[in-house]
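Letters A, B, ... are given to chains in the order of the sequence lines, protein chains preceding strands, and every chain is numbered from 1. Keep in mind that what you see is a predicted model, and the values were worked out from it rather than measured. Computed from heavy atoms alone, side chains included, the values below leave out hydrogens, waters and symmetry copies.
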Amino acid sequence: MLVPFDRPLNLPDTLECGQAFRWQRRGEWYFGVVYNNLVKLRQTPGGIEFSCAPDGEATLGPRLRDYLRLDDDLEAIYRAICEDERVRDAVAMYRGMRLLRQDPWECLISFICSANSNVPRISANVEAMSTAFGQPVTLDGETRSTFPTPEALADAGEMKLRALGLGFRASYVAATARAIADGRPDLFALREAPYEEALAALLALPGVGDKVANCVLLFSLDKLEAFPVDVWIERALREWYLDCQKLPRARMRPWAQAHFGPYAGYANQYLFHRRRLQGRAKL
DNA sequence: CCACGGCCTGATTC
DNA sequence: AGAATCAGGCCGT
């Protein structure tokens, strides 16, 4: 099945830039679990070719469009953020890289697990939780598992989560899962809420600080002005913007949001990707 | 308001 | 080789 698409799209960078943790590359194909389906996809000249299970491809197609944010007008977004020279350079390097519209629940737990961790380990944690507490799904002889429900993780409890290798994040995941299972807050409702209100609701959850909250807002709750400040973005801003050199980390986000504007989140993703691939040099 | 150290764990670095 | 350091932070003091 094909999702036709003829606008800028850089699928490898989109899926491998660290905003989602369940995509695995096998040659030119990517395998991942979205919308409770095991999905296999690749980019072709005509768009995105994919297959999935257990649901039909007719129902997954529109959802993949949504997930990949194919309706974002990248050219317009580029015009808005490319007044900045550093962003312009990064866009030239990774043109077509898109933000994703992920499931907010999975996104929230994944980024709680990201604290003081690294991408391979976060992926292993997410995979372990899915295998232990999700439902198996099979496609082309490959079996993965859906991401567990809030109830499943809440019932699992801190000890079983520690056994999966989450470390000190286990208590945060258990407590936040309980809160979400109880509907406080209703994550999907936050898509309709203004940025500041959604941010405040997320910050009330255990294990969620400003950085994690902004990741969830940007990667799953349609807040394109969100601006997560992690170690890589901090390095990038300090090195590339004199105004930021001695700003405390807590003040960097508001500065960046004012500087980059309503699509600051897209600017963030390009700067992050560029600075991270550049490595630990210069700090 | 800001600075600082501890926290699970495993890979990488010294 | 064995000990620090670091990894997409958060929380309490």
Side-chain angles (χ1 to χ4, degrees), chain A residues 13-23 90 94 97 99-100 102 106-129 132 153 156-180 199-221 223 226-240 244-256 264-283:
Chain A
D13 282 321
T14 297
L15 298 181
E16 296 184 60
C17 68
Q19 56 180 323
F21 300 97
R22 299 208 67 187
W23 291 103
Y94 311 114
M97 179 171 67
L99 291 169
L100 295 172
Q102 301 179 243
E106 176 177 338
C107 189
L108 172 63
I109 295 302
S110 299
F111 281 94
I112 287 176
C113 291
S114 78
N116 208 15
S117 187
N118 52 68
V119 173
R121 187 180 172 193
I122 301 163
S123 300
N125 290 161
V126 172
E127 214 58 31
M129 284 187 282
L153 282 192
E158 175 181 348
M159 284 313 151
K160 286 185 182 175
L161 292 171
R162 270 186 183 264
L164 297 181
L166 298 204
F168 64 85
R169 307 156 196 85
S171 63
Y172 299 147
V173 169
T176 288
R178 174 49 63 199
I180 301 302
L199 174 61
L202 292 176
L203 289 176
L205 295 166
V208 180
D210 194 77
K211 189 272 177 181
V212 169
N214 274 274
C215 285
V216 176
L217 292 168
L218 183 59
F219 302 141
S220 73
L221 292 176
K223 305 297 184 277
F227 196 93
V229 178
D230 54 56
V231 294
W232 297 107
I233 283 291
E234 180 177 358
R235 283 169 189 160
L237 294 185
R238 289 197 197 288
E239 290 167 15
W240 297 339
C244 283
Q245 264 184 9
K246 51 193 188 85
L247 269 186
R249 195 160 162 176
R251 288 193 182 175
M252 297 181 93
R253 173 174 67 76
W255 178 89
Y266 257 104
N268 180 296
Q269 196 57 201
Y270 279 87
L271 290 175
F272 168 79
H273 196 50
R274 169 162 169 35
R275 187 60 187 81
R276 193 166 79 111
L277 294 186
Q278 169 182 331
R280 199 185 317 169
K282 294 194 207 168
L283 220 162

With a 4.0 Å cut-off on heavy atoms, is [X] in touch with a base, just the backbone sugar-phosphate, or nothing at all?
X         : result
Leu203(A) : nothing
Cys17(A)  : base
Phe21(A)  : nothing
Pro206(A) : sugar-phosphate
Val119(A) : base

Results of side chain to side chain contact (heavy atoms under 4.5 Å, CB included) for Ala170(A) - residues two or more places apart only:
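Only Glu158(A), Leu161(A), Arg162(A), Leu166(A) meet the side chain to side chain contact (heavy atoms under 4.5 Å, CB included) criterion with Ala170(A).
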Tell me the interatomic distance from Glu234(A), atom CD, to dC6(C), atom P, rounded to whole angstroms.
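To the nearest whole Å, that distance equals 13 Å.
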For dC10(C), does the base pair up with any side-chain atom of Arg169(A) as donor and acceptor (N or O, under 3.5 Å, distance only)?
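Not at all, since no donor on one side and acceptor on the other fall under 3.5 Å apart.
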Is there a donor on the side chain of Arg121(A) or the base of dC8(B) sitting less than 3.5 Å from an acceptor on the other?
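For Arg121(A), whose side chain was compared with the base of dC8(B), there is a donor-acceptor pair (under 3.5 Å).
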Whole-Å C1' distance, dG5(B) and dT5(C)
15 Å
Please round to the nearest 0.5 Å and tell me the distance separating atom CG of Leu202(A) and atom CG of Leu108(A).
6.5 Å
Specify the residue among Gly207(A) and Gln269(A) whose closest nucleotide of DNA chain C lies further upstream toward the 5′ end.
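Its nucleotide being nearer the 5' end, the pick is Gln269(A).
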Taking only Watson-Crick and G-U wobble pairs with both distances under 3.5 Å, what dot-bracket line describes DNA chain C, where [ ] shows pairs that cross earlier ones and | shows pairs with another strand?
.||||||.|||||
Please check if the side chain of Ser117(A) supplies one atom and the backbone of Ser114(A) the other of a donor-acceptor pair under 3.5 Å.
no
